**Student:** 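Have a look at this one before I ask anything.
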Protein chains: 2
Amino acid sequence: MTTRPAAPGLRESIDRHIIARITSGEWSAGDRIPSESGFMEMFGASRMTVHHALRDLTARGFLVRHAGSGTFVAPPRPYVAEYAHLDIIEEIAARGARHRAQVLKRELAPAGTEQARAFERGEGDMLFHAVILHFEDDVPLELEDRLIAPEALPDCMAVDLGSQTLFSRLMLMRPYREGSEEVRAVLPTPEEQRLMAIAPHVPCLEITRRTWSAEGVVTAARMLRGGDRGTMHGRIRSMPAA
Amino acid sequence: MTTRPAAPGLRESIDRHIIARITSGEWSAGDRIPSESGFMEMFGASRMTVHHALRDLTARGFLVRHAGSGTFVAPPRPYVAEYAHLDIIEEIAARGARHRAQVLKRELAPAGTEQARAFERGEGDMLFHAVILHFEDDVPLELEDRLIAPEALPDCMAVDLGSQTLFSRLMLMRPYREGSEEVRAVLPTPEEQRLMAIAPHVPCLEITRRTWSAEGVVTAARMLRGGDRGTMHGRIRSMPAA
DNA sequence: AAGTGGTCTAGACCACCGT
DNA sequence: CGGTGGTCTAGACCACTTC
């Protein structure tokens, strides 16, 4: 034996020690915490062990480090509301219900003025267009009107829309895309009321979503969700996991 | 000199090398990637350097590692929609507009049946109750009806509601809380229409939010956002930062 | 038994910050 | 100048998986 035996979990202990002091409020934002050599003494650890514990907590957003001056408790992160289940089939499955899709339209057609602008391409370019009504246990839940850049989904006319959504299919093919989303309250048109089996004057959520990759806009969609059935459920987070 | 000179940025190079291969699709989910000794040869790095590069990418969600069998490309993360600006004052400031708050109610009152249940405490316990109308450039944007556990915000009756929201004040005092949120489309009552200066039959977004800490429910609020003005803007993400 | 990742130590050089 | 963090090397022991 040439070196002292390792103490398993040492790094974990340091992590927990620091997190506990931060989440309990004993150390608050901006406070300077002990230096690496300080923790080396406190825990009888080598510098690499301490360093990587602190580095990890920095990556996780608990600490901020400044070479030359020290390690400080990071300012709290802003809160965000996060909505999972962007895929309606997953959402319905998570509730233990049954999904069914009725395809009202599915075509390749030249882009109109509005559509060409949304896709940042020429009027008359071909776009894939689908209108799908999604049912949860035979109750209409969402009316989806979607445009897709055909090159992003070559088999767009062949996808089985009963077992997978166009959104999930698109995202599966090339993960790591980005997008934006807007949510408004609207009154559905009479035609939409009929399709969604909604009484007059019952408002709906309108979700407008655009997704792009480095090559440009991939898809643009408008989802209409009926009345109380269409409520969106999200969670409020500040931290990336304590 | 007893050791070979360090090669600065080596770890970064390894990170970028791997991320590039994953995001480009050259390596896809489930693929096995070279072992630590593999990367040691490829980059002329020590094991600790390679190990921490891989560990970092694991923490960031790009890789999955199994001791004994190898390192693999992680399955893509589910997409989520993320809404920042939970604080309406920040939201309005981000648009470069001016915020003003009109306090319609601010009192400490015993909890009713409904409220006691929402807070998981006894009927008749004291709760702080505020109703605030938020204006953006003198146009009513949001009607906030909020209950707060008094012990979570001892100075609740004294907070200056013009310069800060109750939500941000609460979250500031003890970060690292969690919460849930629901969004529905509703028709405002005549009284709400009047307050928010909204025409009849114009639907609103209703956002219901509850936040809690280890000790129990901290606050419950219902926010009403008028028509088009109240549109929520979010972004679609899959990754924690490439 | 060989290979893989998980962890820790000890020692080193560097850039930066503050006095 | 001394202290702080940033980075890398070399060597070690361990548990687990695979053959």
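Numbered from 1 within each chain, the chains take letters A, B, ... in sequence-line order. All values reported here derive from a predicted model rather than from experimental measurement.
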**Student:** Using whole Å, what does the distance between atom C1' of nucleotide C:dA12 and atom CE of B:Met48 come to?
**Tutor:** 14 Å
**Student:** What integer distance in Å separates A:Asp15:CG from C:dT7:C1'?
**Tutor:**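 That distance rounds to 13 Å.
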**Student:** Start with the C-alpha gap between A:Phe128 and A:Arg146, add the side-chain angles, then the distance that decides, and say whether side-chain contact (heavy atoms from CB on, under 4.5 Å) holds.
**Tutor:** CA-CA 8 Å; A:Phe128 175 64; A:Arg146 181 175 294 272; over 6 Å; no
**Student:** Between A:Thr71 and A:Arg65, does any side-chain donor sit less than 3.5 Å from a side-chain acceptor?
**Tutor:** yes
**Student:** Over how many whole Å does the gap from A:Leu10 atom CG to D:dC13 atom P extend?
**Tutor:**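 After rounding, the reported distance stands at 18 Å.
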**Student:** For the pair made of CD in B:Glu12 and P in D:dC8, what is the distance, rounded to whole Å?
**Tutor:** 9 Å
**Student:** To the nearest Å, give me how far apart CZ (B:Phe72) and P (C:dT4) are.
**Tutor:**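 The distance from CZ of B:Phe72 to P of C:dT4 comes to 11 Å, rounded to the nearest Å.
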**Student:** Pair B:Arg222, B:Thr208 - check side chain to side chain donor-acceptor pair (under 3.5 Å), show working.
**Tutor:** CA-CA 5 Å; B:Arg222 171 182 184 265; B:Thr208 311; 5.9 Å; no
**Student:** Within the supplied structure, the quantity of interest is the number of heavy atoms (other residues, nucleotides, ligands) at a distance under 6.0 Å from A:Glu41 CD; does it exceed 12?
**Tutor:**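 For A:Glu41, atom CD is not crowded (no more than 12 foreign heavy atoms under 6.0 Å).
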**Student:** What integer distance in Å separates B:His52:NE2 from C:dG5:P?
**Tutor:**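 In whole Å, C:dG5 P and B:His52 NE2 are 14 Å from each other.
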**Student:** Can you find a pair of side-chain heavy atoms, one from B:Arg174 and one from B:Val218, that are under 4.5 Å apart?
**Tutor:** no
**Student:** Measure from CD on B:Glu41 to P on D:dT9 and round the result to the nearest Å.
**Tutor:**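 From B:Glu41 CD to D:dT9 P: 14 Å.
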**Student:** Set out, line by line, the N/O atom pairs under 3.5 Å between protein and nucleotides 1-6 of chain D.
**Tutor:**
{"unit_1": "D:dG3", "atom_1": "N2", "unit_2": "A:Gly68", "atom_2": "O", "d": "3.1"}
{"unit_1": "D:dT4", "atom_1": "OP1", "unit_2": "A:Ser35", "atom_2": "OG", "d": "3.3"}
{"unit_1": "D:dT4", "atom_1": "OP2", "unit_2": "A:Ser37", "atom_2": "OG", "d": "3.3"}
{"unit_1": "D:dT4", "atom_1": "O2", "unit_2": "A:Gly68", "atom_2": "N", "d": "2.9"}
{"unit_1": "D:dG5", "atom_1": "OP1", "unit_2": "A:Thr71", "atom_2": "OG1", "d": "2.9"}
{"unit_1": "D:dG5", "atom_1": "OP2", "unit_2": "A:Glu36", "atom_2": "N", "d": "3.0"}
{"unit_1": "D:dG5", "atom_1": "O5'", "unit_2": "A:Arg65", "atom_2": "NH2", "d": "3.4"}
{"unit_1": "D:dG6", "atom_1": "OP2", "unit_2": "A:Arg65", "atom_2": "NH1", "d": "3.0"}
{"unit_1": "D:dG6", "atom_1": "N7", "unit_2": "A:Arg47", "atom_2": "NH2", "d": "3.3"}
{"unit_1": "D:dG6", "atom_1": "O6", "unit_2": "A:Arg47", "atom_2": "NH2", "d": "2.4"}

**Student:** Mark yes when over 12 heavy atoms from residues, nucleotides or ligands other than B:Glu182 sit less than 6.0 Å from its CD; otherwise mark no.
**Tutor:**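 More than 12 within 6.0 Å, yes.
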